[in-house]
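The structure under discussion appears below in the form of structure tokens.
Just so we're on the same page: letters track the sequence lines, and every chain starts at 1.
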Amino acid sequence: AQTVTQSQPEMSVQEAETVTLSCTYDTSESNYYLFWYKQPPSRQMILVIRQEAYKQQNATENRFSVNFQKAAKSFSLKISDSQLGDTAMYFCAFMIGHDMRFGAGTRLTVKP
Amino acid sequence: NAGVTQTPKFQVLKTGQSMTLQCAQDMNHNSMYWYRQDPGMGLRLIYYSASEGTTDKGEVPNGYNVSRLNKREFSLRLESAAPSQTSVYFCASSGRTVHNEKLFFGSGTQLSVL
């Protein structure tokens with residue numbers, strides 16, 4: 001079965017500090033894409049960052065970066081210089097073909 | 001550029017009623033998807049359409065039907081709504097048929113079945 005596990009239901013961080021959200025997944029496939037999506041209270045799903053499984057280099061998007069460990073099937077998200085606007089649910093997901101599987105999410109609160 | 005548009009945004013049904021959720025995208029994407037999101041869970045795939053004229057079941061298809069009306073539109077129908085179908089429904093689209101690199105999501109439909 002292809003599953004995604006986010007072991008931290010809730011996290012908090014002080015504004016301007018760094019936080020890391022964990023994600024592990026299970027698949028027997030070798031080619032897939034990994035994603036982090038953000039869902040603020042508006043309910044909109046917003047792509048934060050994505051990673052191709054065949055690339056060893058970790059993806060980076062401004063203050064967001066990932067630590068992709070393919071052998072360990074781990075895909076964590078690091079948010080640097082946290083901002084109040086980063087407060088949201090964060091979902092880890094991976095996609096094989098047309099099948100995208102999501103984790104249960106981590107609720108992140110950035111405190112002033 | 002509207003992206004992915006879903007209607008309605010909110011709906012309340014009684015058990016046994018039917019309804020259709022509408023979704024349209026203006027990005028000329030080939031693939032479209034319907035997901036549901038329940039409290040404490042991530043999104044789960046109901047059905048998808050890899051290209052115009054094709055549809056396939058996802059992880060949780062029971063109780064739903066879909067229609068890919070044309071390249072732009074992909075509807076989700078509940079023939080006889082049940083309380084277990086109370087959820088937030090998201091439509092999404094992507095531009096590539098084989099190596100789908102990311103999904104663009106609509107703003108969701110909050111459905112309550114009483």
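- Highest contact tally toward chain B, considering only A/Pro9, A/Cys92, A/Gly103, A/Gly105, is held by A/Gly103 [criterion: heavy-atom pairs under 4.5 Å].
- Residues B/Lys9 and A/Arg43 share a closest heavy-atom pair of O-NH2, 3.7 Å.
- Linking ILVMFWY residues whenever their side-chain heavy atoms come closer than 4.5 Å, directly or via other members, places A/Ile49 and A/Tyr25 in the same cluster.
- When the side chains of ILVMFWY residues are joined at heavy-atom separations under 4.5 Å, either directly or via intervening members, B/Leu21 and B/Phe104 end up in two distinct hydrophobic clusters.
- Counting non-hydrogen atoms of neighbouring residues, nucleotides and ligands closer than 6.0 angstrom, the CG atom of B/Asn70 exceeds 12 such neighbours.
- The minimum heavy-atom distance linking B/Met41 with A/Phe91 is given by the pair O-CE2, 4.1 Å.
- The hydrophobic clustering, which links ILVMFWY residues whose side-chain heavy atoms are closer than 4.5 Å, places A/Val110 and A/Phe64 together.
- B/Gly40 approaches A/Ala104 most closely through the heavy-atom pair O-CB, 3.5 Å.
- Residue contact with chain B, scored on non-hydrogen atoms closer than 4.5 Å, involves the side chain of A/Arg101 exclusively.
- Using a 4.5 Å cut-off between heavy atoms, B/Leu45 touches chain A through its side chain atoms alone.
- A chain of hydrophobic side-chain contacts below 4.5 Å, direct or via other Ile, Leu, Val, Met, Phe, Trp or Tyr residues, connects A/Tyr90 to A/Leu84.
- At a 4.5 Å heavy-atom cutoff, the contact between B/Gln110 and chain A is made by backbone and side-chain atoms alike.
- Heavy atoms closer than 4.5 Å to chain B are found in the side chain of A/Gln39, but not in its backbone.
- For the atom pair B/Phe105 CZ and A/Leu47 CG, the distance stands at 9.0 Å (nearest 0.5 Å).
- The two residues B/Tyr33 and A/Met95 have their closest heavy-atom pair at OH-CE, 3.6 Å.
- Ring geometry for A/Phe102 against B/Tyr35 counts as perpendicular: the plane angle is over 60°, on a 0 to 90° scale with 30° as the lower cut.
- Around the NZ atom of A/Lys78, the shell of radius 6.0 Å holds no more than 12 heavy atoms that belong to other residues, nucleotides or ligands.
- The minimum heavy-atom distance between A/His98 and B/Ala50, with the atom names listed, is NE2-CB, 3.4 Å.
- Follow the hydrophobic side-chain contacts under 4.5 Å out from A/Val66 and you reach A/Leu108 in the same cluster.
- Taking the side chain as every heavy atom from C-beta outward, B/Leu103 and A/Met100 approach each other to under 4.5 Å.
- Taking a 6.0 Å sphere around CZ of A/Arg107, one finds it holds 12 or fewer heavy atoms contributed by other residues, nucleotides or ligands.
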